[in-house]
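Okay, handing you the structure first.
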Number of protein chains: 2
Amino acid sequence: MVPRVAVVSPYHHGDLESALVEAAIALVRKYGPDHLSLRAVSADVGVSPSASYHYFQDKNALISAVGSVLFARLADLQEEAISKISGSGMHSARERFQAMGNAYFKWAVTEPNLYRLLFGGFCEMQEVPQDHKAWRLLSEGLDELVQVGLITKSARQNGEALVWSAVHGASSLIIEGLMPRQAFPEVLKGIQRSLGMK
Amino acid sequence: MVPRVAVVSPYHHGDLESALVEAAIALVRKYGPDHLSLRAVSADVGVSPSASYHYFQDKNALISAVGSVLFARLADLQEEAISKISGSGMHSARERFQAMGNAYFKWAVTEPNLYRLLFGGFCEMQEVPQDHKAWRLLSEGLDELVQVGLITKSARQNGEALVWSAVHGASSLIIEGLMPRQAFPEVLKGIQRSLGMK
DNA sequence: CGTGCATCTATACAATGTTCAGATTATCTG
DNA sequence: CAGATAATCTGAACATTGTATAGATGCACG
C-alpha cells in the first residue's frame with residue numbers, strides 16, 4: 001500500500017467532460033483527426049482511459065462533441081471579424097461580407113487539422129443547421145447585401161449554397177495542397193460575380 | 001527483370017502491388033478511410049500482413065497510392081461523361097461543361113468514402129499538375145466556352161479555381177450532411193453566373 | 001455516522017501498425 | 001542444367017489502440 005497523504009489531484013475531476021473535449025482539440029490540432037487517441041486524451045487530462053466512457057459512448061461521440069464545439073468557435077471567429085467593421089453603407093456591407101469569407105479561410109489554413117475534423121466526415125453532423133450561428137451570419141450577410149442595394153433580391157436566392165460551397169471548397173483544396181493559397185481571393189471575386197455584385 | 005504475369009502460385013502472388021491497392025479501395029469504399037486496416041487488406045488478397053511492406057513503406061504510402069488511382073478514375077468518369085455529348089455548338093459546349101460538374105458530384109455522392117479518402121487529407125497529394133487529366137478537362141472545358149462565345153475571355157481567367165472550389169465544396173458539404181442534395185443544381189447555376197454565362 | 005450513487009481505476013482482450021529473422025521461390029550465372 | 005543470388009513472402013513478436021467489465025473511491029444526503 002502506498003502511504004496516502006494529501007492528494008494534489010482530486011479523485012473527482014469536476015468538469016471532466018469539457019476537459020476531455022479541450023484536450024482532444026489540442027491533440028487533433030497537433031497530430032490530425034486520424035491520430036487522435038482516447039488514451040492520450042485521458043492521459044493529458046490526468047485520468048484513466050475508462051473514465052471518458054462515463055461521458056462519451058465511444059471515441060466517435062467525443063469526436064462529434066469536438067466537432068460541434070469547433071463549429072461554434074468558427075462561427076464566433078466570423079462574428080468577431082464582422083463586428084470589427086462598423087457602418088451601414090454599401091462599402092461596409094461589402095467589407096463585412098468579405099470579412100466573413102476571409103475569417104473562414106483564415107481559420108482553415110491556420111488550423112487545417114481542426115478543419116479536417118470538422119468537415120472531413122469524422123463527426124456525424126446529421127442535421128442541416130438552419131438556426132446555427134454560422135448559417136445565420138451568412139444568411140443575414142446576404143440579406144444586408146440586398147438591403148444596401150449591392151445585389152438584387154433574385155440573385156440573393158439560395159446564395160448561401162454557392163457562397164458556402166465556394167469558400168469551403170477553396171479552403172479544403174488549398175489546405176490539402178491541391179490549389180495554391182493565392183487562388184482564394186480569386187474565388188472570393190468569383191463569388192461576388194456570381195451574386196451580380198457591383 | 002520485369003515481374004512477370006500472374007502465374008497462380010501460392011507463394012509469389014505476381015501482381016501484389018496493384019492487388020493491394022484494389023483491395024484497399026474495396027475496403028475504404030465499405031468502411032471509410034479511417035477504418036482501413038493493412039491487415040484486412042492483406043488478408044483479402046490472401047497474403048501476410050508483412051508482405052505489403054515490400055511495396056509500400058507504410059500504411060500511408062498505400063493510402064497515397066490509392067489516392068492517385070482514385071483521382072485518375074474520377075477524371076476518367078468525367079471524360080466519359082463529356083464524350084457522351086457530341087456536337088460543337090454553344091448548346092453542346094454548355095452541356096459538356098455541366099456534365100463535367102455533374103459527373104464529379106455524382107461520384108462524390110455514390111462513393112462518399114472514396115471521396116473522403118481522396119480529398120480529406122488522408123493521402124499526401126502535391127499541387128495538382130497542369131497536365132493532370134482532371135485539370136486538363138476543366139481547363140479545356142472553359143476554353144471551349146470561350147471559343148463558342150458563351151463566356152468572355154476575361155471572365156474565363158482563373159475560372160478553374162472558382163469552378164473546382166464550388167463543385168468540390170458543394171459535394172463535400174452535401175455528403176457530410178451539411179447541405180441538402182437539392183442544393184447542387186443551384187450551385188451549378190451560380191457557377192455559370194459567376195462566369196457571366198448566358 | 002453510514003448508506004447510496006456518481007465517478008473514476010485496474011485489468012483484460014482483441015485488433016492494429018510495424019519490425020525482423022528466416023523460409024520459399026524465381027532468376028541469373030557458369 | 002545445377003547452384004548461387006536476389007526477390008518475395010511468412011511467422012512471430014512488440015507496443016499501442018478502443019473498449020468491456022469489475023471493483024475502488026469519495027461526495028451528498030438520510
Side-chain angles (χ1 to χ4, degrees), chain A residues 1-24 26-28 30-67 117 121-124, chain B residues 1-24 26-28 30-67 117 121-124:
Chain A
M1 280 298 251
V2 180
R4 183 166 292 281
V5 225
V7 188
V8 184
S9 68
Y11 200 89
H12 285 43
H13 185 280
D15 193 14
L16 187 52
E17 181 167 347
S18 58
L20 287 170
V21 170
E22 290 306 317
L27 285 178
V28 170
K30 272 195 202 170
Y31 306 110
D34 45 341
H35 292 106
L36 179 64
S37 140
L38 252 191
R39 299 176 101 107
V41 170
S42 309
D44 270 24
V45 175
V47 112
S48 147
S50 328
S52 46
Y53 285 84
H54 231 266
Y55 299 94
F56 304 101
Q57 200 194 358
D58 54 7
K59 190 186 173 185
N60 278 341
L62 171 60
I63 289 184
S64 291
V66 167
L117 180 129
F122 293 93
C123 38
E124 298 146 12
Chain B
M1 220 49 178
V2 181
R4 294 297 315 289
V5 237
V7 178
V8 194
S9 148
Y11 210 92
H12 283 40
H13 184 279
D15 194 15
L16 188 51
E17 181 167 347
S18 59
L20 288 170
V21 170
E22 289 307 318
L27 285 178
V28 169
K30 271 194 202 170
Y31 305 111
D34 45 340
H35 292 104
L36 178 64
S37 141
L38 252 191
R39 299 177 101 106
V41 171
S42 309
D44 270 24
V45 175
V47 114
S48 145
S50 329
S52 46
Y53 286 84
H54 233 265
Y55 299 93
F56 304 101
Q57 199 192 2
D58 53 8
K59 189 185 173 186
N60 278 341
L62 172 58
I63 290 183
S64 291
V66 167
L117 179 126
F122 292 95
C123 38
E124 296 146 13

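Here is how names work: the chains are called A, B, and so on, in the same order as the sequence lines, proteins then strands, and each is numbered from 1.
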Check the distance between C:dT16's P and B:His35's NE2 and give it to me in whole angstrom.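 So the two atoms are 11 Å apart, to the nearest Å.
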
What's the CD-C1' distance between B:Glu17 and D:dC9, to the nearest Å?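 In whole Å, D:dC9 C1' lies 15 Å from B:Glu17 CD.
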
Rounded to whole Å, please give me the gap between OH in A:Tyr53 and P in D:dA22.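 Roughly 17 Å, once rounded to whole Å.
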
So what does A:Leu62 hit on the nucleic acid, given a heavy-atom distance under 4.0 Å: a base, only sugar-phosphate, or nothing?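 Nothing, no heavy atom under 4.0 Å.
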
Report yes if a side-chain nitrogen or oxygen of A:Ser37 is closer than 4.0 Å to either non-bridging phosphate oxygen (OP1 or OP2) of D:dG18; otherwise report no.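 A:Ser37 to D:dG18 OP1/OP2: side-chain N or O found under 4.0 Å.
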
Given D:dG18, C:dT18, D:dC9, which nucleotide is nearest the side-chain atoms of B:Leu16?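 For B:Leu16, the side-chain atoms sit closest to D:dC9.
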
Which residue lies more 5' along DNA chain D, comparing A:Leu36 with B:Ala51 via nearest heavy atoms: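 So the residue in question is B:Ala51.
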
Please name the pair of heavy atoms, one in A:Val66 and one in A:Ala24, separated by the smallest distance, quoted to 0.1 Å.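 Taking every non-hydrogen atom into account, CG2-CB, 3.7 Å.
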
Heavy atoms from C-beta onward define the side chain here; which of D:dC9, D:dG18, C:dT19 lies closest to that of A:Leu38?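 Output: D:dG18.
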
Would you name the heavy atoms of A:Ala51 and A:Leu16 that are closest together and state the gap between them?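 Heavy-atom minimum between the residues: CB-CD2, 4.1 Å.
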
Spacing between A:His54 atom NE2 and C:dA10 atom P, to the nearest angstrom: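 Rounded to whole Å, this separation is 16 Å.
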
Heavy atoms from C-beta onward define the side chain here; which of C:dT18, D:dT17, D:dT10 lies closest to that of A:Arg39?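 Selected nucleotide: D:dT17.
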
Take atom CG of A:Asp15 and atom C1' of C:dT7, then tell me their distance rounded to the nearest Å.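 For the pair A:Asp15 CG and C:dT7 C1', the rounded distance is 14 Å.
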
Let me know, please, whether A:Ala40 or A:Gln57 comes out on the 5' side of the other along DNA chain D by nearest nucleotide.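 With A:Ala40 and A:Gln57 compared, the 5'-side residue is A:Ala40.
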
Can you check whether any acceptor in the base of C:dT19 is under 3.5 Å from a donor in the side chain of B:Ser50, or vice versa?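 Pair found.
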
Going by heavy atoms in the side chains, are A:Phe56 and A:Val21 under 4.5 Å from each other?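 Result yes, sub-4.5 Å side-chain heavy-atom pair found.
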
Quickly work out the A:Tyr31 OH to D:dT16 P distance and round it to whole Å.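 Checked: the OH to P distance equals 14 Å.
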
OP1 or OP2 of C:dC8 less than 4.0 angstrom from a side-chain nitrogen or oxygen of A:Tyr55, does that happen here?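 Answer yes for this pair, as a side-chain N or O of A:Tyr55 is under 4.0 Å from OP1 or OP2.
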
Separation of atom NZ in B:Lys59 from atom C1' in D:dT16, rounded to whole Å: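 Taking NZ of B:Lys59 and C1' of D:dT16, I get 13 Å after rounding.
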
May I have the distance from A:Asp34 (atom CG) to C:dG17 (atom C1'), rounded to whole angstrom?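 Taking CG of A:Asp34 and C1' of C:dG17, I get 13 Å after rounding.
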
Between A:Ser64 and A:Glu124, which heavy-atom pair has the shortest distance, and what is it?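 What the structure gives for the nearest pair is OG-N, 3.4 Å.
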
With the side chain counted from C-beta on, respond yes when B:Leu38 and B:Ser52 share a heavy-atom pair under 4.5 Å apart, and no when they do not.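 In contact.
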
